[in-house]
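Along the sequence shown, residues are numbered consecutively beginning with 1. Both backbone and side-chain heavy atoms feed into the values below; hydrogens, waters and symmetry mates do not. As the structure lists them, so they are numbered: ligands from 1, and atoms in each ligand from 1.
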Amino acid sequence: MWAYDLKKPYLSWMKGRIIMTNLIWNREMECMPRRDLEALQLTRLRALVDYCDRNVEFYHKRLAAAGVTADKIKTLSDIQYIPYTTKSDLRDTYPFGMFSVPVKDIVRIHASSGTTGNPTVVGYTREDMENWSEQVARVVTAAGANDQSVVQICFGYGMFTGALGLHYGLEKIGASVVPTSSGNTEKQLKFMRDFGTDTIVATPSYCLYLAEAARELSDEFPLESYGLKLGLLGSEGCTPEMRDQIEQRWGNGFFATDNYGMSELNGPGLSGECRERNGLHINEDHFLCEVINSQTLEVLDRGETGELVVTALTKRGIPMLRYRTRDITWIDYDACKCGRTMARMHKIIGRSDDMLKIRGVNVFPSQVESALIGVTEISPHYQLVVRRQGFADTLEVRVELIDGGLLERYAELEALQKRIHDQIKSILGIEITVSLVEPKSIERFTGKAQRVVDLRGK
Ligand code: DLL
């Protein structure tokens, strides 16, 4: 017992010091002059096109139909001649049709669940695994993790890429990884207290839920008994307002960062925020990004908002040429104070296929979230219910009260409802209804939260 007590303040002191001094994992690549970076991207792009042409029948046919060969790629903008790849292409070639090597050369297989049809299956060669760990190592270092960190991974281990992806990257930087997996909230909290966990890997919604659960136990274990300092949050959207809420709930200087990726592009590790938190640095030596108009498929100018399209320059097991992510963002190429030269993508605004079209107006759940977060009488748990009435779509925003007693105080309840209604309406510009529901009545998720219930067509 005495050894544990002595070690704790020493480790926290060390952690504080190292977090402030060593935040770039691979300075040579992450701070490379942009001209050199672009030259490297071009070399890698040409090698990738050649590789795809020779090793994947699917790409061979697509490239031939478009008249593209590696030597036709003279500049990075020649990427525009390569056809896009979509999730349906992966589904249609299920399970291994887009693999470039026999399964015996694949060392890991993951799949994304998907609610309908075949899952999308992805395979990694040994080299892919090394690149993936490197990408994650950079992202977690930029956020502030290091070899002194004790990191609890609350993503579900299994076919989902989140848990194992972060696991390998964190082990690579020498962190102490605690693979608790998802669920079992009380046990998660116990391990956090007992192991001195200072870093958590989770979805933002689960991180928030854990903070709530910790607060409920605070008579027995005050919030100060947790040493949580850093959140590596990802896999679902999180507005800056929601992030503030999460940080406030954990208190004690808890700092949350956002990281992004998708299984078709390895998993986590495509991009992540540094401590400046002004966009997610893209690992551009591995991922060549474009932003397109998802209707016309035109490539947009730098700084314009649209759908992110990614070419995975170094991925080989299942190569990805111009993969349409469906995620909406924009990319900032200006220098960042942290010293990295890698461009930053803005936090994901929404998915082009999750975007709700309500009476002709585009609505992203994140817009509603920003409107709700400043309201102190409600908790940050909400749900959007879309229905069809006659020919018109309706949107009900269900929000959870903090104080259930308000349901009895009609005038106050009505005033609050009106305030929230007006706030959301001013942002979306369409009529909505707001329902205030009892505390804890909206479902909590241990993985990705499902905020939209679409009852149209039901
Ligand atoms: O969610 C990979 C991942 C795991 C990223 C853990 C970060 C942390 P998929 O299950 O294939 O992979 O889901 C990919 O999730 O297209 C986005 O719509 C969404 N997504 C992932 N990260 C973020 C984020 C993983 N930081 C899909 N912000 C993507 C918003 C995100 N959405």
Side-chain angles (χ1 to χ4, degrees), residues 85-87 90-91 109-115 119-122 124 132-133 135-136 138-140 142-143 145 151 153-170 179 181-182 199-207 231-240 242-243 246 256-273 277 279-283 287 289 294 307-310 312 315 318 320 323-330 344-355 364-367 369-370 445-452:
T85 307
T86 64
K87 205 178 201 50
L90 275 114
R91 291 216 165 110
I109 294 176
H110 280 281
S112 78
S113 50
T115 42
T120 46
V121 181
V122 290
Y124 306 72
W132 188 16
S133 307
Q135 291 149 15
V136 174
R138 293 185 195 172
V139 164
V140 297
V151 190
I153 300 192
C154 309
F155 283 142
Y157 278 71
M159 298 309 271
F160 175 53
T161 54
L164 283 161
L166 277 141
H167 186 121
Y168 276 58
L170 283 158
S181 197
S182 60
T199 303
I200 179 178
V201 167
T203 54
S205 53
Y206 189 58
C207 187
L232 301 169
L233 310 184
S235 189
E236 69 180 20
C238 176
T239 56
M242 174 69 93
R243 179 185 73 201
I246 298 172
T257 56
D258 189 2
N259 68 87
Y260 167 85
M262 62 197 315
S263 45
E264 296 88 326
L265 299 162
N266 280 345
L270 196 152
S271 64
E273 283 179 324
R277 296 198 297 198
L280 288 76
H281 285 283
I282 300 167
N283 279 313
F287 300 103
C289 292
S294 48
E307 179 182 335
L308 180 71
V309 168
V310 183
K315 212 155 89 73
I318 175 160
M320 282 298 141
Y323 188 70
R324 288 189 58 187
T325 64
R326 307 276 172 184
D327 292 317
I328 308 293
T329 185
W330 59 274
R344 288 158 287 142
M345 54 183 262
H346 187 267
K347 271 173 169 297
I348 299 296
I349 297 162
R351 282 183 60 80
S352 61
D353 49 4
D354 274 1
M355 187 180 72
F364 288 112
S366 60
Q367 292 175 294
E369 184 174 300
S370 314
F445 296 91
T446 56
K448 294 186 199 238
Q450 278 159 16
R451 309 242 192 244
V452 178

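Contacts between Arg351 and ligand 1, counted as non-hydrogen atom pairs separated by less than 4.0 Å, involve the side chain only. Contacts between Leu280 and ligand 1 below 4.0 angstrom, taking non-hydrogen atoms only, are absent altogether.
Each of Gln367, Glu369, Lys347 was scored for a side-chain hydrogen bond (donor to acceptor under 3.5 Å, both in side chains) with Thr239, with one residue passing: Glu369.
Atom 24 (C) of ligand 1 has Glu236 O, 3.6 Å as its closest protein atom, hydrogens excluded (heavy atom only). What sits closest to atom 18 (O) of ligand 1 on the protein, heavy atoms only, is Asp327 OD1, 2.7 Å. The nearest heavy-atom contact from the protein to atom 19 (C) of ligand 1 is Ser235 O, 3.6 Å. Here the protein heavy atom with the shortest distance to atom 5 (C) of ligand 1 is Gly261 N, 3.5 Å.
Looking at Lys448 next to ligand 1, an N or O pair under 3.5 Å apart turns up. Considering backbone and side-chain atoms alike, Ser112 places every N or O at 3.5 Å or more from each N or O of ligand 1.
Atoms of ligand 1 found under 4.0 Å from any heavy atom of Gly237, numbered from 1 in the order shown, are 28 (N), 30 (C), 32 (N). The atoms of ligand 1 that sit less than 4.0 Å from any heavy atom of Phe160 are 1 (O), 4 (C), 10 (O), 25 (C). Listed by atom number, the atoms of ligand 1 under 4.0 Å from Asn259 heavy atoms are 7 (C), 8 (C), 22 (N), 24 (C), 26 (N). Under a 4.0 Å criterion applied to the non-hydrogen atoms of Ile348, ligand 1 contributes the atoms 28 (N), 30 (C). Under a 4.0 Å criterion applied to the non-hydrogen atoms of Ser263, ligand 1 contributes the atoms 9 (P), 11 (O), 12 (O). Interface atoms of ligand 1 facing Gly162, defined by a heavy-atom separation under 4.0 Å, are 4 (C), 6 (C).
Ligand 1 is never approached by Lys347 to a heavy-atom distance shorter than 4.0 Å.
No side-chain donor-acceptor contact under 3.5 Å links Trp132 to the backbone of Leu265. The closest donor-acceptor contact from the side chain of Thr325 to the backbone of Leu308 lies under 3.5 Å.
Using bins of under 30°, 30° to 60° and over 60° for the plane-to-plane angle, the ring pair His110/Tyr124 lands in the perpendicular bin.
Considering SG of Cys289 and OH of Tyr323, their distance stands at 14.0 Å, rounded to 0.5 Å.
For CZ of Phe364, the number of neighbouring non-hydrogen atoms (other residues, nucleotides, ligands) closer than 6.0 Å is greater than 12.
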Inset, instruction - With side chain to side chain donor-acceptor pair (under 3.5 Å) as the test, would you mind laying out the steps for Thr203 and Ser235 before giving the verdict? - result: CA-CA 6 Å; Thr203 54; Ser235 189; over 6 Å; no
